[in-house]
Amino acid sequence: MSTKTKQFNEIIKAEAKNLNFYYGDFHALKGLDFKVSEKKVTALIGPSGCGKTTFLRCFNRMHDLYPNNRYEGEILMYPDEINIVGDNIDPIEVRMRISMVFQKPNPFPKTIYENVAYGLRVRGIRGKDIIDERVEKSLRGAALWDEVKDRLHEHAFNMSGGQQQRLCIARALATDPEILLFDEPTSALDPIATSKVEELIVELKKVLTILIVTHNMQQAARISDYTAFMYVGELVEFGDTDTIFTAPTQKLTEEYITGRFG
Amino acid sequence: MKETLQELKKKIAKRKFYNKIFAFIGFISTTVGIILLAVLFIDLAIDGAQRISYKFFTSFPSRFPEEAGILSAWVGTCLVMIVTAAAAVPLGVGAGIYLEEYAKKNWFTNLIEININNLAGVPSIIYGLLALGLFVYFFNFGESVLTGGLALALLILPIVIMATREAIRAIPNSMREAAYALGATKWQTVKDHIIPYSIGGILTGIIIGMSRAIGETAPIITVGALTFIAFLPPSPIEPEFPFLNFKWLMAPFTVMPIQMFNWVSRPQQAFHLNAAAAGIVLLVMTLLMNALAIYIRYKFRKKIKW
Ligand SMILES: Nc1ncnc2c1ncn2[C@@H]1O[C@H](COP(=O)(O)OP(=O)(O)O)[C@@H](O)[C@H]1O
Ligand SMILES: [Mg+2]
């Protein structure tokens with residue numbers, strides 16, 4: 001497994017060390033070693049079914065919601081160096097610090113305002129002023145404020161797909177996460193909505209660390225600083241995005257990015 | 001070999017003919033069903049309508065058919081239904097939520113699931129026998145409103161549990177994941193999302209269960225409801241502190257279907273008219289509950305569309 005070292009000059013936010021993951025007997029992630037730089041965008045690419053989603057969902061312990069799933073190895077989060085997938089770490093604590101935006105926009109069937117406020121309510125934050133302020137800040141952060149400021153109390157399902165996805169981003173931002181996970185966030189969106197979300201992601205890396213799964217290689221090239229190529233549960237190649245796309249060292253990577261399979 | 005256009009047309013005509021035959025059979029079946037129901041209802045209405053008056057609702061049963069009314073029966077039905085709802089709703093909804101959201105899926109919960117489904121099909125008189133043994137003889141609740149209500153609660157418990165589970169299962173998993181991903185605990189997810197999003201289906205299930213219970217006779221007779229009763233249970237509301245009174249729970253009672261049964265089994269024609277009138281009242285009560293169920297379903301569906 002070749003790893004470029006350029007990113008090691010930067011602060012590391014999280015690091016997978018010999019991470020294995022099992023769905024029951026099925027060995028879905030095989031010994032991944034992987035570093036995520038702070039306040040950068042790291043993209044995970046690879047053919048369908050190679051384990052990108054599975055890997056991403058380890059970071060906020062989503063797999064704990066279903067039976068028979070098992071983690072092995074560690075994902076360390078810095079600066080406190082807790083093992084995110086450790087048995088002794090409460091998944092709720094992890095999810096308070098690492099937020100996720102899903103593939104299909106999944107706003108709650110509530111108002112726009114309540115969607116954004118939910119993470120705060122979960123944390124027991126009361127007080128209209130504080131919540132109003134955080135809702136506005138998050139909606140601004142998700143480049144949605146101007147579009148919805150006059151209809152905060154309308155039902156979220158009345159928004160377009162692209163707006164719904166940005167609402168989900170706002171919802172994830174409201175709780176000030178340290179890492180934001182995106183699982184193919186634009187695969188259900190039209191090109192205009194897609195470019196808005198892409199711009200947003202580039203903007204967001206100023207304040208937090210981003211890990212994004214994408215099946216769209218142009219997207220990875222456009223928005224990411226680092227790219228990891230996965231293939232059947234293994235990490236084939238990892239490096240800065242320019243290098244991966246112009247001079248990959250692995251033959252498999254080259255074949256994939258030139259579109260010969262996948 | 002290629003078909004000519006004519007051959008093709010012939011084949012289409014033949015298929016269309018079969019299509020029409022089935023449409024015709026379906027139409028006949030539907031009409032027969034509707035006509036039978038309508039005749040039944042009209043017959044009941046013609047017989048019973050003449051007896052329905054204010055006095056009919058405010059009189060106790062009597063030896064004289066013209067003076068007899070359904071006061072003790074409808075009050076009994078209402079009180080029994082209150083007990084049934086008070087017992088079946090928290091138990092049924094709680095069990096449904098527990099089985100869907102909390103219990104681990106394994107052979108044991110599968111066994112429970114199969115048994116609940118089977119319990120929904122058990123003849124109602126069996127529930128009567130169970131209630132007789134449990135509430136009358138073991139807990140000594142007597143042949144009371146409480147026993148009757150609990151017997152019916154047992155009867156509709158499987159219906160409420162299954163309706164709750166189905167309503168919860170209709171919630172897309174993406175909603176749960178969205179809530180958990182924001183750091184919600186299981187209880188926060190249940191109270192902020194699962195219950196609000198499934199409440200329409202749950203309420204519908206509760207009302208369907210209640211409309212089944214309101215017409216049940218066998219289990220109520222089995223636990224010893226009276227067929228002739230000329231007094232009311234003590235009032236649940238009192239003018240003095242603490243304003244509520246639970247003595248009515250232990251009072252003997254009768255319910256609408258039993259009153260009807262009692263009148264039908266008399267030889268005098270005039271009593272049969274009373275039974276028909278009581279039948280109309282019971283039918284209207286049931287229809288009202290079903291209308292409420294439809295309204296609730298409509299109202300919540302409109303608000304939440306996946
Ligand atoms: N819940 C699950 N149970 C069992 N196997 C699963 C489950 N989810 C995904 N898999 C399997 O794990 C592998 C990786 O899936 P996934 O992470 O969704 O891939 P990707 O996101 O790269 O398309 C696939 O072979 C898939 O069939
Ligand atoms: Mg995926």
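Residue numbering restarts at 1 for every chain, and letters A, B, ... go by the order of the sequence lines.
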Close side-chain approach of L182(B) to R171(A), heavy-atom, < 4.5 Å:
yes
State, yes or no, whether a side-chain contact exists between S174(B) and F102(A) at a heavy-atom distance under 4.5 Å.
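A side-chain contact is absent here, since even the closest heavy-atom pair is not under 4.5 Å.
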Tell me, side chain or backbone of Y66(A) under 4.5 Å from chain B's heavy atoms, or both, or neither?
side chain
Checking I98(A) against chain B: side chain, backbone, both or neither under 4.5 Å from a heavy atom?
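The backbone, not the side chain.
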Would you name the heavy atoms of A178(B) and N106(A) that are closest together and state the gap between them?
CB-ND2, 3.4 Å
How far apart are the closest heavy atoms of M175(B) and P107(A), and which atoms are they?
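Nearest pair, atom of M175(B) first, then P107(A): CE-O, 3.1 Å.
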Which value, rounded to the nearest 0.5 Å, describes the distance between I92(A) atom CD1 and Y180(B) atom OH?
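Reported value, rounded in 0.5 Å steps: 8.5 Å.
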Do other residues, nucleotides or ligands put more than 12 heavy atoms under 6.0 Å from the [atom1] atom of [X]?
{"X": "W74(B)", "atom1": "CH2", "value": "no"}
{"X": "D25(A)", "atom1": "CG", "value": "no"}
{"X": "Y23(A)", "atom1": "OH", "value": "yes"}

Below 30° counts as parallel, above 60° as perpendicular, anything between as tilted: where do the rings of H193(B) and Y118(A) land?
perpendicular
Based on non-hydrogen pairs under 4.5 Å, which of R97(A), R123(A), K110(A) is most in contact with chain B?
K110(A)
Could you give me the CA-CA distance, side-chain angles and deciding distance for K104(A) and E177(B), then say whether salt bridge (charged side-chain N to carboxylate O under 4.0 Å, His left out) is met?
CA-CA 12 Å; K104(A) 245 182 77 197; E177(B) 293 196 347; over 6 Å; no
Is N106(B) close to chain A through its backbone or its side chain, or both, or neither, when contacts mean heavy atoms under 4.5 Å?
neither
